[in-house]
Protein chains: 2
Amino acid sequence: MPAHHSARSRRATERKGDLRERAILDTCETLLVQKGYDAMTVGDLAQGAGITRGALYFYFGSKQEVVTALVARTVEHLWERSRATAEADEPRRAVTAAMRRTVELWDEHGPVMRTAIDLSLTVPEIGELWSHTADLFITAITAVLERAGVQAGPEPEQAPAMARALCWMIERTFYHASQESHEELQKASSTCEHIWLTSAGLTA
Amino acid sequence: MPAHHSARSRRATERKGDLRERAILDTCETLLVQKGYDAMTVGDLAQGAGITRGALYFYFGSKQEVVTALVARTVEHLWERSRATAEADEPRRAVTAAMRRTVELWDEHGPVMRTAIDLSLTVPEIGELWSHTADLFITAITAVLERAGVQAGPEPEQAPAMARALCWMIERTFYHASQESHEELQKASSTCEHIWLTSAGLTA
DNA sequence: CTCCAACTCTACACAACGTCGATTTTTTTC
DNA sequence: GAAAAAAATCGACGTTGTGTAGAGTTGGAG
């Protein structure tokens, strides 16, 4: 595996391999959309990136590693965008903002996120990545619930447990909707937002 | 190619093959728990059932077919039990009863149901089976919501769409909880019940 | 007994994975 | 700007797991 040392000097020395690596990940994302994880072979991946199978194994140890790297890249992008959103806001607004952001993310990276979810059971690394991401959402939802007056605490009817269930609801609902269309995603978002608000006691 | 399950049900006596078939499915369920779908090979399956790979292919055309049959068997059992539960009841009671039944199902068949969910994307037959099952739940939830006063209709904030989201919430929450323990399942159930009731406007 | 269907096995062909060592290309160093 | 080092590429190989083919075995009905 090539070392990933960041900026060394004023001259950004981008190796040829870095290009290839990105090409492989891009190909992977494309293929995931076109044929899905199972049908995608290492040969396809290599061909898409313009190299042979042998060469691909210089960059990644396995098909799983490629996908893991792709998930990592996507998830990182996701974190960045999440950080950007202000959290200290009136609860109702916060919910709306969060849902809009979520729609954007799924619109953009639906297939990769679906794959990540599918593989998080069988590929421990991806499971790690995804559960970490989920935790971020869960703590965010928890914060909103508590600010809206839901009691904090470890019991099943208190904020953290509810946030967890709501997170899974959103994940799963978007998972399905993103297979259909952008419109479905919007509707799904409205529904989830409504349930979230109701659970928080913010009924209109 | 030998004809498959079409005319078998008419037989009076139980053939040796029916035993084998069941043995294969039982083995499949065991292996699913022990090693998971990917790690389970057709050889393992055959060995567990006391036959060779070749013989197994007499009964099932592929590994996927075996799992599909197992899912079908499990799901059928699930339908039977669901039918048994009375539907015409006071909403609050209906919710509690439904959740208790769901806990039982996951306690009993957690691994198979998790596998069904995982494969419903890649194996169309399983997807069919599972989405049909989900529809049963969704209509049941819809009925409860409407009886509790939630408006009927196709809009994202009306009963059917909400029922769908709640169904996915329950599915996903139980999916995760059933990997942990029976206790987690119970807690998950309480949380889901609470959110369901709140969404229905049945706040205590 | 014999015949047919149900059942079982071994052997084979194939596809995809991951490894290896040799070789070529790119980058660094002097 | 050439030699040395590192990075990148290739093609061939061994392995594993899948699904198929065809031959052989059992057991019950006529």
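All chains are named by letter (A, B, ...) in the order of the sequence lines, taking the proteins before the strands, and each is independently numbered beginning at 1.
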Enquirer: Could you tell me how far apart L45(A) (CG) and dC17(C) (C1') are, to the nearest whole angstrom?
Expert: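 One finds 13 Å between C1' of dC17(C) and CG of L45(A), rounded.
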
Enquirer: Without hydrogens or angle criteria, can the side chains of T191(A) and E157(B) be said to hold a donor-acceptor pair below 3.5 Å?
Expert: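 Judged by distance alone, the side chains do not pair up.
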
Enquirer: Side chains of R114(A) and S178(A): do they bring a donor and an acceptor to under 3.5 Å?
Expert: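 Yes.
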
Enquirer: Mind calculating the distance between CD (E65(A)) and P (dC17(C)) to the nearest angstrom?
Expert: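 So the two atoms are 14 Å apart, to the nearest Å.
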
Enquirer: State plainly whether the residues D26(B) and R73(B) are in salt-bridge range, i.e. N to O under 4.0 Å.
Expert: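 Yes, charged N to carboxylate O under 4.0 Å.
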
Enquirer: Between dA16(C) atom P and Q47(A) atom CD, what is the distance in whole Å?
Expert: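 Rounding to the nearest Å, CD of Q47(A) and P of dA16(C) are 12 Å apart.
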
Enquirer: In what stems does DNA chain C take part, counting only runs of at least 3 consecutive Watson-Crick or G-U pairs whose two distances fall under 3.5 Å?
Expert: C:1-30 with D:1-30

Enquirer: Could you check whether R101(B) pairs with E104(B) (Lys NZ or Arg NE/NH1/NH2 to Asp/Glu carboxylate O, under 4.0 Å)?
Expert: no

Enquirer: Tell me whether K187(B) is salt-bridged to E155(A), with the criterion being a basic N under 4.0 Å from an acidic carboxylate O.
Expert: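 A salt bridge is absent here (no side-chain N lies under 4.0 Å from a carboxylate O).
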
Enquirer: Between the side chains of D18(B) and Y59(B), does any donor sit under 3.5 Å from an acceptor?
Expert: no

Enquirer: Nearest whole Å is fine: how far is dA16(C) P from L56(A) CG?
Expert: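 Result: 15 Å.
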
Enquirer: Can you check the D38(B) CG to dT18(D) P distance for me, whole Å?
Expert: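 In whole Å, dT18(D) P and D38(B) CG are 11 Å from each other.
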
Enquirer: For nucleotides 10-15 of chain D, give me one character per nucleotide, 5' to 3': B if any protein heavy atom sits under 4.0 Å from the base, S if the only such contacts are to the sugar-phosphate, - if neither.
Expert: BB----

Enquirer: Separation of F58(B) atom CZ from dG24(D) atom C1', in whole Å?
Expert: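 One finds 14 Å between C1' of dG24(D) and CZ of F58(B), rounded.
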
Enquirer: Can a side chain N or O of Y57(B) be found less than 4.0 Å away from OP1 or OP2 on dC7(C)?
Expert: no

Enquirer: Is it true that E108(A) and R81(A) have a side-chain N and a carboxylate O under 4.0 angstrom from each other?
Expert: yes

Enquirer: Looking at dG19(D), dC7(C), dA16(C), which one has an atom nearest to any side-chain atom of T41(A)?
Expert: dA16(C)

Enquirer: Find the distance I24(A):CD1 to dA7(D):C1' and express it as a whole number of Å.
Expert: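 Rounding to the nearest Å, CD1 of I24(A) and C1' of dA7(D) are 14 Å apart.
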
Enquirer: So that I know where these two stand, are H132(A) and W79(A) an aromatic pair - ring centroids less than 6.0 Å apart?
Expert: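 Yes; W79(A) has its ring centre under 6.0 Å from that of H132(A).
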
Enquirer: Tell me: OH of Y59(A) to C1' of dC17(C), nearest whole Å?
Expert: 20 Å

Enquirer: Could you check whether E125(B) and W130(B), counting side-chain N and O atoms only, form a donor-acceptor pair closer than 3.5 Å?
Expert: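 Short answer, no.
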
